[in-house]
Peer 1: 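This is the structure I want to talk about, given as structure tokens.
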There are 2 protein chains.
Amino acid sequence: MARVTGDGTVGKALEVLDQVAAFGRPVRFSELLDKSPFPKPTLYRFVQTLTSQQMLSYDPERQTYAPGVRLVRLAHAAWEQSTLAPIARPHVDALSKAVGETVHLAQLDHAQVLYIDKRNAGNPVQMYSQAGKVGPAYCTGVGKVMLAFCDPKVIDSVIEQQSFHVFTPHTIATPAALRDELADIRAHGYGFDREEHEPGIICVAMPILSDTGRVLGALSVTSTTRRTNLAGLEAYVPILQETANHISQDAQNWSFPDYETPEATRI
Amino acid sequence: MARVTGDGTVGKALEVLDQVAAFGRPVRFSELLDKSPFPKPTLYRFVQTLTSQQMLSYDPERQTYAPGVRLVRLAHAAWEQSTLAPIARPHVDALSKAVGETVHLAQLDHAQVLYIDKRNAGNPVQMYSQAGKVGPAYCTGVGKVMLAFCDPKVIDSVIEQQSFHVFTPHTIATPAALRDELADIRAHGYGFDREEHEPGIICVAMPILSDTGRVLGALSVTSTTRRTNLAGLEAYVPILQETANHISQDAQNWSFPDYETPEATRI
DNA sequence: CATAATGGTTTCATTATTTGAAACTTGGTT
DNA sequence: AACCAAGTTTCAAATAATGAAACCATTATG
């Protein structure tokens, strides 16, 4: 009797929620059933419950389910309280203004890169990545620099579980190559994305480390091969370093004001 | 035996999640216990489960809980699939560029205004920074115009449940005043925020209606009394109207491509 | 037009999980 | 040392989840 799900009923319901989100589009009950380990009535009741709880939304027209708006509300709270974003915001603003290129702020969530903030360059290069979006760690600048400074055990387990997918001719495709790259990043203190995820897209990334060396997140400046090159991006290393330091300091000094009873907006 | 919670165990767990989010800051177990209808061990296990599921994050240092990062991931999916935001994005971009003022895109969620996108006047930040925030419907431009075009029954129930809170000298403070205002909005087709929520902050708001007259959302252009006045904002009505129409059209024509098997980024 | 198939919904006896009063542990205070 | 508060675990009783089967409503199919 292998425990696949864990955490009882609530865990299972959340698994269903993840399933729906993973589809990336409104999904029918039967489609969900195909991919679900649960029997029909069980899954049915989960979807009912989640819908009634606004965690899913139901389109009666097309008979489809999608992640619900309650999540957006909750996520706002999460974003403000459990991410670096609010602390980093002024620093990211300043960085963005100084470099005039797209800037990303990311954190590591499990083995994945979670983008938690972004500033578009003046002319918006629309591409993959927005706050809340996740991506693989091994082929993004921010992912690699965060991984590089993780605990060796974490690195091992991430690499072990990672299925390497080749996005471009430059994608790092083997555990060995990734380990080399990580060593390289540790040696320099920062890293690059050399068109490893999208052709023509390059970036320079800097980890945000606590005083004890723990990885808090990462920053990156992204551009295109048409506008600049790796050497050009490397010029941003000092300001990135400085910004990362500022964020790290603020993060460690920061704590929520202990007293205040906020004027609630809840009804 | 009044059923307060509904939806069994999952509903209760989500109630706890809301509680944590409502605090707006990291919260101790005992604080939560004070405000919770659940007995100690029950609440304890819920918090454990939610934490293990990454819906809450736990800070062992301070012994506090906060909404977890998994929510940010899930919310991204919700934002993309269950809101107007992705459809409206290009139109909101264009509007923002044209007017050079702060632009909001909102939807109605229960009786509350849910901001789902925003363009700041100065730097084009698009994202959760503000998206996900909720506010009362009766004293925001977007809230009023959405309410105005809702079903009369909905209006009644919202007004009935609304507890009016006076934010500024201009805040609409009575059901009667609100009904007058809504009638006025229906007559004109658009509405204003006359410093009703924050002193010095004014806006003009336009509902986004489907062909059948259903409320899909609302747009607003916000400014300050220092920079302009209501007459100045009214000049934006034509472009707001046009933008709202475009969004409405796109929303009704749009449906997810039925076929495609998206190249998954999941590990 | 009947019939089958598909996708969705409900029933109900069985089973497993949740529940919470009470007891216990831990770390800090007088 | 005794006390206290916050957090954690126990365990029998109460409750909710489970899923095989049956049912219903549409939409294909012969």
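Fair warning: this is a prediction, and the values are worked out from it, not measured in the lab. Values below: every heavy atom of this structure, side chains too, minus hydrogens, waters and symmetry copies. Chain A is the first sequence line, chain B the second, and so forth, proteins listed ahead of strands; every chain is numbered from 1.
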Peer 1: Mind calculating the distance between CZ (A:Arg62) and C1' (C:dG7) to the nearest angstrom?
Peer 2: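 Distance check: A:Arg62 CZ to C:dG7 C1' gives 17 Å.
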Peer 1: Which nucleotide, C:dT19, C:dT10, C:dG20, lies nearest any side-chain atom of B:Phe46?
Peer 2: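 Taking heavy atoms from C-beta onward, the closest nucleotide is C:dT19.
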Peer 1: Counting only side-chain N and O atoms of A:Tyr44, is one of them less than 4.0 Å from OP1 or OP2 of C:dT9?
Peer 2: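 Indeed, a polar side-chain atom of A:Tyr44 lies that close.
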Peer 1: Using whole Å, report how far CD of A:Gln48 lies from P of C:dT10.
Peer 2: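 Taking atom P of C:dT10 as the reference, CD of A:Gln48 is at 7 Å.
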Peer 1: Between B:Glu31 (side chain only) and B:Val27 (backbone N and O only), is there a donor and an acceptor less than 3.5 Å apart?
Peer 2: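 A pair under 3.5 Å: no.
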Peer 1: Can you tell me which nucleotide in D:dT9, C:dT17, C:dG20 comes closest to the side chain of A:Thr9?
Peer 2: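 That would be C:dT17.
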Peer 1: Where the side chain of A:Pro41 is defined as all heavy atoms beyond and including C-beta, which of D:dG19, C:dT17, C:dT19 is the nearest nucleotide?
Peer 2: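 From the listed options, D:dG19 comes nearest.
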Peer 1: Consider the side chain of B:Lys12, meaning its heavy atoms from C-beta on, and name the nucleotide among D:dA6, C:dT19, D:dG19 that approaches it most closely.
Peer 2: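 In terms of side-chain proximity for B:Lys12, the closest of D:dA6, C:dT19, D:dG19 is C:dT19.
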Peer 1: Can you check whether any acceptor in the base of C:dG8 is under 3.5 Å from a donor in the side chain of A:Lys40, or vice versa?
Peer 2: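 Result: at least one qualifying N/O pair found.
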Peer 1: Given the structure, check if the side chain of A:Arg28 and the base of C:dG8 hold any donor-acceptor pair shorter than 3.5 Å.
Peer 2: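 Check fails, no donor-acceptor contact within cut-off.
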Peer 1: Nearest whole angstrom, please: distance from the P of D:dT8 to the CG of B:Leu33.
Peer 2: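 From B:Leu33 CG to D:dT8 P: 12 Å.
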Peer 1: Picking from C:dG20, C:dG7, D:dT8, which would you name as closest to the side chain of A:Ser30?
Peer 2: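 For the A:Ser30 side chain, the nearest candidate turns out to be C:dG7.
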Peer 1: Please give, in whole Å, the distance from D:dG7 P to B:Asp34 CG?
Peer 2: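 About 10 Å, once rounded to whole Å.
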Peer 1: Quick one: B:Glu31 CD to D:dA6 C1', roughly how many Å, whole number?
Peer 2: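 To the nearest whole Å, that distance equals 12 Å.
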Peer 1: To the nearest Å, how far apart are A:Glu61 CD and C:dG8 P?
Peer 2: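 Atom CD in A:Glu61 sits about 15 Å away from atom P in C:dG8.
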Peer 1: Donor-acceptor check, side chain of B:Thr42 to backbone of B:Phe38, threshold 3.5 angstrom: yes or no?
Peer 2: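 Checked: no pair found.
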Peer 1: Is B:Arg186 reaching over with its side chain to a backbone N or O of B:Ala148, donor-acceptor style, under 3.5 angstrom?
Peer 2: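 Looks like yes, one N/O pair under 3.5 Å.
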Peer 1: Which whole-number value in Å describes the distance from B:Asp7 CG to D:dT15 P?
Peer 2: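 Atom-to-atom, B:Asp7 to D:dT15, this comes out as 18 Å.
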Peer 1: For a quick check under 3.5 Å, do B:Gln81 and A:Arg25 share a side-chain donor-acceptor pair by atom type?
Peer 2: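 Checked: B:Gln81/A:Arg25 side chains show no N/O donor-acceptor pair below 3.5 Å.
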Peer 1: For A:Gln53 and B:Leu14, indicate whether the former's side chain and the latter's backbone hold a donor-acceptor pair under 3.5 Å.
Peer 2: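 Absent.
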Peer 1: Of the nucleotides D:dT8, C:dT10, C:dG20, which has the atom closest to the B:Arg45 side chain?
Peer 2: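 For the B:Arg45 side chain, the nearest candidate turns out to be C:dG20.
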Peer 1: Whole angstroms only, please: what is the CG-P distance between A:Leu43 and D:dA20?
Peer 2: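 It is 14 Å, rounded to the nearest whole Å.
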Peer 1: Quick check: on DNA chain C, is the nucleotide nearest A:Val10 upstream (toward 5') of the one nearest A:Gln63, or the reverse? Name the residue that is more 5'.
Peer 2: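 Whichever sits nearer the 5' end wins; that is A:Gln63.
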